[in-house]
Amino acid sequence: MELDFGYACISNIIKDCSTAKTVTIKQFKKIDDSETRHWKLKRITETNLQNTIRLLWHNIAENIKLYRFSSQLVPLATHQLGQIWDYTEECATKFAKIGRIITENGLKVSTHPGQYTVINTPKEDVFTKAKTDLEYHNRVLEAMNLDSTAKMVTHTGGVYGNKKKAKDRFITNFKRLDSTIQNRIVLENDDTSYSIGDVLEICQELEIPMVLDVHHHNCYNQGENLKKYLPKIFATWSKRKPKIHFSSPYSEEKPRHHADYIDAAAFKKFLNLAVDHNFDVMIEAKQKDKAVLKLRKELES
DNA sequence: TCGTGTCAAGATCTT
DNA sequence: AAGATCTTGACACGA
């Protein structure tokens, strides 16, 4: 079985290579003339894209096949103040180069819109903002010429005192998104509200893939038997190779936080459980790519 | 240069 | 109704 690994956004091996440089609204507002504002956004974006390229080469050298893009490649991209330039047009060459590196080297990439992007919100303005953010992520992936295998991972959202209604609203709101975006969205179980059973139900209904987060399942579940659920979860990916998220708890006091590295014994235990399946593994650990290399080494021995 | 408070955004729990 | 927390890297400011 060939296991491919990956990490999110930032390398702990390659120094001074942030892909999420930004400018705060407060500082941006202090800039008076529009030309300087434009220059500021463009310069930061180019740095983030160039650093992304550096990380991709690093990943190729280390045989790390999965990578999650920073959501902040383009600063203020979804903010009103940031609507002063056509970033995909002006940085088209760099976006295309990233896409070429990915395609030519068989890398598998994704994005993960943040906690503020809530599809199942009952507030219309919040939904509009969520839609805008998803459109931004999609625009970036399209600028890279990546097809719908480049996914956007999200959570279900809030419960709002009635999970059944909140689930239904996710489905309703999901259908209001552009089909290009629908085709990229995959749902992940979270650590407080939506268990693997909850998320699987939604994914089956919408016929979209489900990312199993093993750590979240340990944090929050409704007694679901993971081994029994695995075939159903992986089936949501149909012909494609499923992906899971794996991380280890930081401590007994803060079990939901991510630890520096992955507990190899715990990972092997999961492998035993999933022995009949083939899947990709996104490692969520504070030491990022260092944690990937360490785990891989420990699995070899 | 270093340490620390702050940051666009939502949901939820506490006060 | 207002504030803290979640989670997190990076910014911004003052020492």
Side-chain angles (χ1 to χ4, degrees), chain A residues 7-31 37 40-41 43-52 55 67-84 87 111-137 152-163 165-167 169-170 173 188-194 198 213 215-216 219-220 245 247-251 253-260 282-291:
Chain A
Y7 64 98
C9 309
I10 287 163
S11 167
N12 259 5
I13 297 172
I14 309 296
K15 297 299 170 193
D16 298 309
C17 196
S18 169
T19 60
K21 283 191 186 300
T22 189
V23 57
T24 57
I25 301 288
K26 209 174 160 187
Q27 285 305 112
F28 193 70
K29 278 181 175 166
K30 286 184 191 169
I31 304 172
R37 285 192 175 192
K40 180 88 178 166
L41 295 180
R43 205 185 55 115
I44 295 172
T45 302
E46 284 182 335
T47 305
N48 288 339
L49 294 178
Q50 190 56 42
N51 285 343
T52 299
L55 288 192
Y67 177 69
R68 179 192 300 163
F69 291 118
S70 155
S71 288
Q72 297 181 76
L73 287 175
V74 184
L76 312 187
T78 58
H79 195 278
Q80 184 57 42
L81 290 174
Q83 310 310 306
I84 55 170
Y87 50 88
T111 66
H112 197 341
Q115 61 181 323
Y116 300 110
T117 303
V118 187
I119 294 173
N120 80 340
T121 178
K123 299 176 189 162
E124 194 56 24
D125 59 322
V126 175
F127 174 74
T128 305
K129 284 177 193 166
K131 194 166 179 285
T132 303
D133 190 54
L134 292 168
E135 281 162 0
Y136 152 71
H137 281 90
M152 311 196 287
V153 183
T154 76
H155 294 290
T156 311
V159 173
Y160 312 93
N162 186 332
K163 199 189 268 185
K165 278 187 180 167
K167 280 184 193 175
R169 194 165 48 244
F170 182 91
N173 282 351
E188 172 190 354
N189 60 300
D190 65 69
D191 56 359
T192 56
S193 308
Y194 290 91
D198 292 325
D213 189 309
H215 178 57
H216 288 168
C219 293
Y220 176 72
H245 290 178
S247 47
S248 294
Y250 178 73
S251 64
E253 301 79 52
K254 295 184 168 181
R256 284 161 53 196
H257 287 217
H258 292 162
D260 281 349
M282 180 57 79
I283 293 297
E284 294 179 324
K286 282 204 272 192
Q287 292 296 322
K288 304 285 182 180
D289 49 347
K290 260 190 197 173

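FYI, side chains are in, hydrogens and waters are out, and symmetry mates aren't considered; it's all heavy atoms of this structure. Numbers restart at 1 for each chain; the letters A, B, ... are given by sequence-line order, proteins then strands.
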Partner residues of A:D191 under the salt bridge (charged side-chain N to carboxylate O under 4.0 Å, His left out) criterion, sequence neighbours left out: A:R256

Under the salt bridge (charged side-chain N to carboxylate O under 4.0 Å, His left out) test, which residues partner A:D213, sequence neighbours left out? none

When we call it a touch if two heavy atoms are under 4.0 Å apart, what does A:T192 touch: a base, just sugar-phosphate, or nothing? nothing

Apply ring-ring contact (aromatic ring centres under 6.0 Å, His included) to A:Y194 and list each qualifying residue two or more places apart in sequence or on a separate chain. none

Span that lies between the P atom of C:dT7 and that of B:dG3, in whole angstrom: 25 Å

Could you work out, with ring-ring contact (aromatic ring centres under 6.0 Å, His included) as the rule, every residue matching A:F69, not counting sequence neighbours? A:Y67

Sequence neighbours excluded - salt bridge (charged side-chain N to carboxylate O under 4.0 Å, His left out) pairs with any residue from residues 112-131 of chain A: A:E124-A:R176, A:K131-A:E135

Between B:dA8 and C:dC13, how far apart are the two P atoms, rounded to whole Å? 12 Å

Qualifying residues under ring-ring contact (aromatic ring centres under 6.0 Å, His included), relative to A:H245, sequence neighbours excluded: none

Could you give the start and end, 5' to 3', of the contact zone on DNA chain B for chain A, using atoms under 4.0 Å from its heavy atoms? B:dA8 to B:dT12

Could you work out the separation of C:dA10 and B:dA11 based on their C1' atoms and round it to a whole Å? 24 Å

Using a 4.0 Å heavy-atom cut-off to protein, can you give one letter per nucleotide of nucleotides 6-15 of chain C, 5' to 3': B if the base is in contact, S if only the sugar-phosphate is, - if neither? BBSSSSSS--

Quick note, salt bridge (charged side-chain N to carboxylate O under 4.0 Å, His left out) partners involving residues 12-30 of chain A, not counting sequence neighbours, are none

What residue among A:D133, A:L134, A:T132 forms side-chain contact (heavy atoms from CB on, under 4.5 Å) with A:Y136? A:D133

Dot-bracket for DNA chain C, please, read 5' to 3', with Watson-Crick or G-U wobble pairs under 3.5 Å on both distances, ( ) within the strand, [ ] crossing, | other strand, . unpaired. ||||||..|||||||

Take atom C1' in B:dT6 and the same atom in C:dG3, then report the distance between them in whole Å. 16 Å

With A:R37 via salt bridge (charged side-chain N to carboxylate O under 4.0 Å, His left out) - residues at least two apart: none

Contacts table for residues 154-162 of chain A: side-chain donor-acceptor under 3.5 angstrom, sequence neighbours left out:
{"unit_1": "A:H155", "atom_1": "ND1", "unit_2": "A:E188", "atom_2": "O", "d": "3.4"}
{"unit_1": "A:N162", "atom_1": "OD1", "unit_2": "A:K164", "atom_2": "N", "d": "3.2"}
{"unit_1": "A:N162", "atom_1": "OD1", "unit_2": "A:K165", "atom_2": "N", "d": "3.1"}

